[in-house]
A.B. asks: 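Below is one structure. I have some questions about it.
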Number of protein chains: 2
Amino acid sequence: MDLKHLAKATTKTLSSYLTYEAMRIVVAQLRETNPPQAIWLSGFSSTGKVQDGEAYIQELLLVDQGMAFRIMTVRQHIADEVLDFLPEMTRTGIQESNMKLRCQHLERIVHFQVEPEQDENSKI
Amino acid sequence: MDLKHLAKATTKTLSSYLTYEAMRIVVAQLRETNPPQAIWLSGFSSTGKVQDGEAYIQELLLVDQGMAFRIMTVRQHIADEVLDFLPEMTRTGIQESNMKLRCQHLERIVHFQVEPEQDENSKI
């Protein structure tokens, strides 16, 4: 398990996700101030190219520099505000989810094993 | 900008990504120890359902409990090892990327503005 490579790949995914969220925030802001631009940005971003945050910003820079700079500023702001909470939230989230999934599965097995017995009892 | 909602959504994305990476690690391990199972797990995970980590594990629990438990254990291990490095790595990554993209764009503009002048000079 190459943890260094894993950390880098996770960082890239996280950075791309924050770019996507920044785009959504700018679209929401534009809906209030400049609806045609909101529609344009939404359309530009809808073809899946926002999956790779860096390539997305590079492409947007060629078409609308101001918009690209705005999204870059917003993603940096989100990063500053949100990132520090993520390790604890994600760790707790995964722990709780694992426990919940194990319990649900246990309940399902017990229920599955108990049901036929109940049927047999009702027949007696 | 609803930062609390944003942090939750980012946590969910991160958790799903770690589930995906855990699946890839288990597939790589199985390739060494049990190739047919590696092929099966790879096929099961390839239809995009791993995009939502929780739904993916729930579905896998119904089909192969041992495999699901194994992926749950691996994702928790990765979370413990990798998460603490992410805030700093992602923050630095976004700052550097923003600076690089701005510089590249500036260079492109300068190059674009300089080129026609050179052409005119060469005509003189």
Side-chain angles (χ1 to χ4, degrees), chain A residues 1-4 6-22 24-25 28-29 53-54 57-58 60-62 65 68-69 71-95 97-102 104-105 108-109, chain B residues 1-4 6-22 24-25 28-29 53-54 57-58 60-62 65 68-69 71-95 97-102 104-105 108-109:
Chain A
M1 202 183 295
D2 182 353
L3 287 170
K4 201 175 162 188
L6 199 67
K8 274 190 188 174
T10 312
T11 299
K12 191 169 187 284
T13 302
L14 197 52
S15 170
S16 285
Y17 183 73
L18 293 181
T19 308
Y20 162 76
E21 284 290 357
R24 287 186 60 195
I25 287 167
Q29 289 168 343
E54 297 321 292
I57 299 273
Q58 260 172 340
L60 187 57
L61 270 171
L62 297 177
Q65 171 196 318
F69 282 178
I71 291 176
M72 283 154 76
T73 306
V74 172
R75 74 172 176 169
Q76 190 151 347
H77 174 71
I78 303 175
D80 288 339
E81 294 290 330
V82 161
L83 282 172
D84 286 329
F85 301 105
L86 293 188
E88 197 48 39
M89 282 176 78
T90 311
R91 196 176 289 120
T92 315
I94 285 180
Q95 275 168 2
S97 161
N98 277 4
M99 201 185 294
K100 203 180 100 191
L101 287 164
R102 284 195 180 102
Q104 276 177 353
H105 189 66
R108 205 179 300 121
I109 290 172
Chain B
M1 203 183 295
D2 182 354
L3 287 170
K4 200 174 163 189
L6 198 66
K8 275 191 186 174
T10 312
T11 300
K12 191 168 186 287
T13 301
L14 198 50
S15 169
S16 285
Y17 183 72
L18 293 182
T19 308
Y20 161 76
E21 285 290 358
R24 286 186 60 195
I25 287 167
Q29 289 168 342
E54 296 320 292
I57 299 273
Q58 261 172 341
L60 186 57
L61 270 171
L62 298 176
Q65 171 196 316
F69 282 178
I71 291 175
M72 282 156 75
T73 306
V74 172
R75 74 172 176 170
Q76 191 152 348
H77 174 71
I78 303 175
D80 288 338
E81 293 291 330
V82 161
L83 282 172
D84 286 330
F85 301 105
L86 292 188
E88 198 47 39
M89 282 176 76
T90 310
R91 194 176 291 119
T92 314
I94 285 179
Q95 275 168 2
S97 161
N98 277 4
M99 202 184 294
K100 203 179 101 193
L101 286 165
R102 283 195 179 103
Q104 276 178 353
H105 189 66
R108 205 179 300 121
I109 290 173

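Only heavy atoms go into these numbers, but all of them, side chains included; no hydrogens, no water, no symmetry mates.
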A.B. asks: Quick one: side chain to side chain donor-acceptor pair (under 3.5 Å) partners of B/S97, sequence neighbours excluded?
C.D. replies: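 Testing B/S97 for side chain to side chain donor-acceptor pair (under 3.5 Å), a comparison that skips the adjacent residues, returns A/E54, A/R75.
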A.B. asks: What distance separates B/M72 CE from A/M99 CE, expressed to the nearest 0.5 Å?
C.D. replies: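 Here the interatomic distance stands at 10.0 Å.
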A.B. asks: Please look at A/Y17 and chain B and tell me whether the side chain, the backbone, both or neither of the residue comes under 4.5 angstrom of a heavy atom of that chain.
C.D. replies: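 Contact with chain B involves the side chain of A/Y17 alone.
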A.B. asks: Top residue by heavy-atom pair count (under 4.5 Å) with chain B, among A/L62, A/V74, A/T19?
C.D. replies: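 Counting heavy-atom pairs under 4.5 Å, the top option is A/L62.
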A.B. asks: Relative to chain A, which segment of B/D2 carries a heavy atom at a distance below 4.5 Å: side chain, backbone, both, or neither?
C.D. replies: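 Nothing of B/D2, per the 4.5 Å heavy-atom cut-off to chain A.
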A.B. asks: Any chance you could measure B/Q65, atom CD, to A/R102, atom CZ, to the nearest 0.5 Å?
C.D. replies: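 The CZ atom of A/R102 is 10.0 Å from CD of B/Q65, to the nearest 0.5 Å.
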A.B. asks: Show the nearest heavy-atom pair for residues B/A7 and A/V82, with the distance to one decimal.
C.D. replies: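 Shortest heavy-atom separation between B/A7 and A/V82 comes out as CA-CG1, 4.0 Å.
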A.B. asks: Nearest 0.5 Å, what's the CZ-CG distance between B/R91 and A/L18?
C.D. replies: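 Answer for the CZ-CG pair, B/R91 versus A/L18, is 10.5 Å.
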A.B. asks: Side chain, backbone, both or neither: which part of B/Q104 has a heavy atom under 4.5 Å from chain A?
C.D. replies: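 Contact with chain A is through the side chain of B/Q104 alone.
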A.B. asks: Looking at B/K4, B/E88, B/R108, B/Q29, which has the largest count of heavy-atom pairs under 4.5 Å with chain A?
C.D. replies: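 Heavy-atom pair counts peak at B/R108.
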A.B. asks: Could you give the distance from CD1 (A/I71) to CG (B/N98), rounded to the nearest 0.5 Å?
C.D. replies: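 The CD1 atom of A/I71 sits 11.0 Å away from the CG atom of B/N98.
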A.B. asks: With a 4.5 angstrom heavy-atom cut-off, is it the side chain or the backbone of A/L101 that approaches chain B, or both, or neither?
C.D. replies: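 Both parts, backbone and side chain.
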A.B. asks: Tell me, for B/R24 versus chain A, whether the close heavy atoms (under 4.5 Å) come from the side chain, the backbone, both or neither.
C.D. replies: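 Contact with chain A involves no heavy atom of B/R24 at all.
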A.B. asks: Only pairs of heavy atoms separated by less than 4.5 Å count here; which of A/G53, A/P87, A/A68 has the most with chain B?
C.D. replies: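 The option with the most such pairs is A/P87.
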A.B. asks: In terms of heavy-atom proximity below 4.5 Å to chain A, should B/A28 be classed as side chain, backbone, both, or neither?
C.D. replies: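 B/A28 has no heavy atom closer than 4.5 Å to chain A.
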A.B. asks: Flag the one option from A/I25, A/I57, A/I94, A/D80 with the top tally of heavy-atom pairs under 4.5 Å to chain B.
C.D. replies: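 Highest number of pairs under 4.5 Å: A/I94.
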A.B. asks: Measure distances from B/F69 to the heavy atoms of chain A and classify the residue's part below 4.5 Å as side chain, backbone, both or neither.
C.D. replies: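 Its backbone and side chain both get close to chain A.
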A.B. asks: What part of B/T13 is in contact with chain A, defined as an atom under 4.5 angstrom from a non-hydrogen atom: side chain, backbone, both or neither?
C.D. replies: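 The side chain, not the backbone.
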A.B. asks: Where on A/K100 is there a heavy atom nearer than 4.5 Å to chain B: the side chain, the backbone, both, or neither?
C.D. replies: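 A/K100 has no heavy atom closer than 4.5 Å to chain B.
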A.B. asks: Taking salt bridge (charged side-chain N to carboxylate O under 4.0 Å, His left out) as the test, write out the residues that go with A/E81, two or more places apart.
C.D. replies: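 Partners of A/E81 by the salt bridge (charged side-chain N to carboxylate O under 4.0 Å, His left out) criterion come out as none, since no residue qualifies.
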A.B. asks: Quick one: CG on B/L6 to CD1 on A/I78, what's the gap to the nearest 0.5 Å?
C.D. replies: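 Rounded to the nearest 0.5 Å, the CG-CD1 separation comes to 5.0 Å.
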A.B. asks: Here's a test for you: under side chain to side chain contact (heavy atoms under 4.5 Å, CB included), which of A/L83, A/L14, A/T90 qualifies with B/T10?
C.D. replies: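 Only match with B/T10 under side chain to side chain contact (heavy atoms under 4.5 Å, CB included): A/L14.
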A.B. asks: So which part of B/L3 gets closer than 4.5 Å to some heavy atom of chain A, the side chain, the backbone, both or neither?
C.D. replies: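 For B/L3, the contact with chain A is made by backbone and side chain together.
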